[in-house]
Amino acid sequence: MTEISAPTNFIVDAVEEDLASGRFNVVHTRFPPEPNGYLHIGHAKAIAINFGIARQFGGKTNLRYDDTNPVKEDIEYVDAIKKDIHWLGFDWEDREYYASDYFDQLYQWAIQLIQQGDAYVDDLSADEIRAYRGTLTEPGKNSPFRERSIQENLDLFNRMRAGEFPDGSRVLRAKIDMSSGNINMRDPVMYRILHANHHRTGDTWSIYPMYDFAHGQSDSLEGVTHSLCDLAYEAHRPLYDWFIEKLDIFHPRQIEFSRLKLSYTILSKRFLKMLVEGSHVNGWDDPRMPTLVGMRRRGYTPEAVLTFIDKAGVAKNESVADISLLEFCVRDHLNKIAPRVMGIINPLKLIIDNYPEGLVEELEAINNPEDESAGTRMVPFSKVLYIEKEDFMEEPPRKYFRLSPGQEVRLRYGYYVKCTGFIKDEQGQVVEVHCTYDPETRGGYSSDGRKVKGTIHWVSAQHALDAEVRIYDRLFNREDPDMVEDGETFLDNLNPLSLLVLTHCKVEPSLVNTKSGDHFQFERQGYFCTDLDSTPGHLVFNQTVGLRDSWSKMNK
RNA sequence: UGGGGGUUCGUCUAAUGGUAGGACAGCUGACUCUGGAUCAGCCAGUAGAGGUUCGAGUCCUCUACCCCCAGCCA
């Protein structure tokens with residue numbers, strides 16, 4: 001069975017069962033980011049699953065900001081998040097919601113629970129609550145305030161809302177079971193007092209609901225059928241269900257899947273923040289960052305990211321996806337769409353001694369051998385060229401197919417040239433290579449059937465454009481950067497060579513009008529994209545990912 | 001030692017009691033005006049021990065190991 005089929009996994013199975021059993025007759029999901037940071041590839045998985053499941057079943061997906069904690073959240077992230085979701089190719093149409101839109105309803109529901117005897121105001125301090133909660137192995141104790149009258153609870157809760165009490169002085173708790181094996185059920189806090197300005201509700205509220213008292217009800221209000229979240233919330237599901245049942249409102253189903261982890265990468269928001277604030281990278285959109293802004297700037301395409309997520313699969317096993325799978329997906333997509341171009345990263349002058357001085361020929365080059373519709377372009381050729389430093393060796397090892405004294409190679413789309421000599425500086429560095437060309441091989445073919453092993457890329461020195469090229473390597477040296485020796489942190493696993501900036505690289509003149517975000521394959525080198533910093537007067541390219549290189553592998 | 005999850009090639013993931021399959025990685029080879037791409041092939045797995053069954057990765061029992069939960073974070 002090698003046919004392409006719609007993705008199937010345990011969530012798809014569960015949704016199908018729900019539809020078949022009549023538990024639900026539509027599929028409605030949501031993506032619920034907290035606006036407190038930039039989205040990364042782990043979020044992309046959640047986005048792909050939530051939007052993907054809905055799409056697969058003809059349903060809808062809401063965007064809902066989980067903005068119940070004003071001290072951590074900021075409007076700055078709201079727009080960035082929308083941009084990233086759109087970049088991935090998903091759309092929530094007019095369904096842009098905020099948990100804060102439901103603060104009034106949530107407040108009413110809290111009152112309902114108080115009236116039902118299912119919630120109470122607790123005057124214990126945070127420390128006391130922690131002490132009363134018990135431990136993983138010992139049950140908790142009831143708070144002395146647990147049996148207050150409904151009237152007193154109503155009065156106190158109302159005054160909490162009115163702002164009469166200082167932060168931290170009281171909370172509203174659900175009255176469940178202090179001896180539950182599930183610590184989340186030991187009278188969890190529903191509301192805390194926070195005299196903080198909220199990015200949407202301003203100073204309207206001095207109490208804010210906790211995640212557990214907001215998320216499920218928000219789902220319910222929106223008619224979400226399947227609330228798909230990561231494994232961390234598995235232990236919260238009984239509480240999710242408890243609130244919904246006590247409130248007797250529409251009951252969505254929460255299903256948990258394992259979050260995405262990537263080798264050689266960290267995805268914890270806190271750590272990512274440390275990288276940015278500690279200037280270990282140049283911002284959230286640094287091309288080395290696993291953020292979606294970073295990957296976009298690096299030149300990863302949304303198609304590649306989505307294909308990767310799809311190939312990595314959806315399950316409950318906690319797993320670490322191999323970053324080489326991501327790189328494979330990026331190469332695979334870019335191979336199909338990226339125009340080929342010639343660029344020299346480390347230039348070395350090549351002089352064709354028998355080529356006429358002053359002559360310039362325009363040679364035809366194929367834009368993309370994988371896509372005939374991409375057509376061809378003309379590339380100028382002249383007596384003095386630049387080639388890649390590593391394409392010449394004075395004393396070549398076995399199986400080296402490039403230039404070396406006496407050897408003949410093909411200049412891509414150009415001529416066959418034979419190396420006749422080279423010049424070194426005082427340090428012994430080769431600074432200039434000389435050769436002769438065979439005028440009969442124009443375009444790169446010889447009429448006599450003579451074969452050359454190697455083909456190298458080049459640019460005409462007088463026509464070349466200067467460029468800055470930024471080469472990236474893995475940000476961390478270890479597969480699991482979190483694994484550290486005593487006294488170390490993940491920062492000790494940073495790869496000091498993760499960024500290499502090269503200036504005075506030489507690229508072909510067709511790149512003169514490139515715009516930020518353009519993708520290219522620099523032939524024989526890798527995929528590159530034009531950086532945000534690039535201007536017509538100062539071209540800047542990011543290496544997205546290198547080409548597979550069986551030669552360098554052979555030499556390891 | 002409480003509660004909740006998990007364990008299939010190096011990695012990720014299928015197999016829903018009936019031939020353990022795919023992808024990435026790795027390794028061969030073919031082809032090639034990119035040492036790219038493509039093509040062909042190879043390598044390699046059911047955590048352990050019992051049991052049920054004609055037949056077990058799948059069901060049962062026990063064991064081991066890993067992850068999550070003790071925020072007035074989400």
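Naming: A, B, ... by sequence-line order, numbering from 1 per chain.
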With sugar-phosphate meaning primed atoms plus P, OP1 and OP2, does [X] contact a base, only sugar-phosphate, or nothing at under 4.0 Å between heavy atoms?
{"X": "Y413(A)", "value": "base"}
{"X": "R331(A)", "value": "nothing"}
{"X": "H215(A)", "value": "nothing"}
{"X": "R170(A)", "value": "nothing"}
{"X": "S125(A)", "value": "base"}
{"X": "S319(A)", "value": "sugar-phosphate"}
{"X": "Y191(A)", "value": "nothing"}
{"X": "E234(A)", "value": "sugar-phosphate"}
{"X": "D13(A)", "value": "base"}
{"X": "A312(A)", "value": "sugar-phosphate"}
{"X": "V189(A)", "value": "sugar-phosphate"}
{"X": "E138(A)", "value": "nothing"}
{"X": "L124(A)", "value": "base"}
{"X": "T135(A)", "value": "base"}

Could you work out the separation of [N] and [M] based on their [atom1] atoms and round it to a whole Å?
{"N": "G29(B)", "M": "A64(B)", "atom1": "P", "value": "48 Å"}
{"N": "G71(B)", "M": "U61(B)", "atom1": "C1'", "value": "40 Å"}
{"N": "C39(B)", "M": "G6(B)", "atom1": "P", "value": "37 Å"}
{"N": "U63(B)", "M": "G26(B)", "atom1": "C1'", "value": "35 Å"}
{"N": "U53(B)", "M": "G48(B)", "atom1": "P", "value": "23 Å"}
{"N": "U7(B)", "M": "A44(B)", "atom1": "P", "value": "24 Å"}
{"N": "C59(B)", "M": "U8(B)", "atom1": "P", "value": "15 Å"}
{"N": "A15(B)", "M": "A20(B)", "atom1": "P", "value": "16 Å"}

According to the Watson-Crick and G-U wobble definitions, with both distances under 3.5 Å, which nucleotide is paired to [N]?
{"N": "C42(B)", "result": "G26(B)"}
{"N": "G21(B)", "result": "U13(B)"}
{"N": "A37(B)", "result": "none"}
{"N": "G2(B)", "result": "C69(B)"}
{"N": "A47(B)", "result": "U63(B)"}

Out of [options], which nucleotide sits closest to the side chain of [X]?
{"X": "E34(A)", "options": "U34(B), A74(B), A14(B)", "answer": "A74(B)"}
{"X": "K311(A)", "options": "A23(B), G2(B), C72(B)", "answer": "A23(B)"}
{"X": "N317(A)", "options": "A74(B), U34(B), U7(B)", "answer": "U7(B)"}
{"X": "K316(A)", "options": "G6(B), C24(B), U1(B)", "answer": "G6(B)"}
{"X": "E370(A)", "options": "A37(B), G35(B), C73(B)", "answer": "A37(B)"}
{"X": "R524(A)", "options": "U34(B), A74(B), A37(B)", "answer": "U34(B)"}
{"X": "A126(A)", "options": "A74(B), C72(B), G36(B)", "answer": "C72(B)"}
{"X": "M210(A)", "options": "C73(B), U1(B), G35(B)", "answer": "C73(B)"}
{"X": "E73(A)", "options": "A74(B), G71(B), G2(B)", "answer": "A74(B)"}
{"X": "D322(A)", "options": "U34(B), C72(B), U11(B)", "answer": "U11(B)"}

By centroid distance (under 5.5 Å) and plane angle (under 30°), are W551(A) and G35(B) in a stacked arrangement?
yes
Establish, yes or no, whether a centroid distance under 6.0 Å links the rings of Y415(A) and F381(A).
yes
Quick check, are the ring centers of Y191(A) and F157(A) under 6.0 angstrom apart?
yes
H457(A)/R412(A) under side chain to side chain donor-acceptor pair (under 3.5 Å): CA gap, chis, key distance, verdict
CA-CA 5 Å; H457(A) 60 283; R412(A) 178 135 238 230; over 6 Å; no
Between D187(A) and R146(A) (salt bridge meaning N to carboxylate O under 4.0 Å), is one present in this structure?
yes
Can a salt bridge be assigned to the pair K175(A) and D118(A) using a cut-off of 4.0 Å between side-chain N and carboxylate O?
no
Rounding to an integer number of Å, can you tell me how far [X] [atom1] sits from [N] [atom2]?
{"X": "E128(A)", "N": "C72(B)", "atom1": "CD", "atom2": "C1'", "result": "13 Å"}
{"X": "L267(A)", "N": "A74(B)", "atom1": "CG", "atom2": "C1'", "result": "16 Å"}
{"X": "R259(A)", "N": "C66(B)", "atom1": "CZ", "atom2": "C1'", "result": "16 Å"}
{"X": "D310(A)", "N": "C24(B)", "atom1": "CG", "atom2": "C1'", "result": "14 Å"}
{"X": "N184(A)", "N": "G71(B)", "atom1": "CG", "atom2": "P", "result": "10 Å"}
{"X": "L136(A)", "N": "G4(B)", "atom1": "CG", "atom2": "P", "result": "13 Å"}
{"X": "F257(A)", "N": "G6(B)", "atom1": "CZ", "atom2": "C1'", "result": "16 Å"}

Does the ring of [Y] carry [X] above it, NZ/CZ under 6.0 angstrom from centre and within 45° of its axis?
{"X": "R200(A)", "Y": "Y98(A)", "result": "yes"}
{"X": "R474(A)", "Y": "Y264(A)", "result": "yes"}
{"X": "R161(A)", "Y": "W205(A)", "result": "yes"}

Consider salt bridge (Lys or Arg N to Asp or Glu O under 4.0 Å). Of R450(A), K418(A), R410(A), which one does D438(A) pass it with?
R450(A)
According to a strict under-4.0 Å criterion, is [X] in side-chain N/O contact with OP1 or OP2 of [N]?
{"X": "T68(A)", "N": "C73(B)", "answer": "no"}
{"X": "R192(A)", "N": "C73(B)", "answer": "yes"}
{"X": "R186(A)", "N": "C69(B)", "answer": "no"}
{"X": "R133(A)", "N": "C72(B)", "answer": "yes"}
{"X": "R548(A)", "N": "A37(B)", "answer": "yes"}

Distance-only donor-acceptor test (3.5 Å): side chain E318(A), base U7(B)
no
Hey, can you tell me if F522(A) and F528(A) have their rings parallel, tilted or perpendicular (30° and 60° cut-offs)?
parallel
Kindly label the base of G4(B) as syn or anti, based on whether its glycosidic torsion lies within 90° of 0.
anti
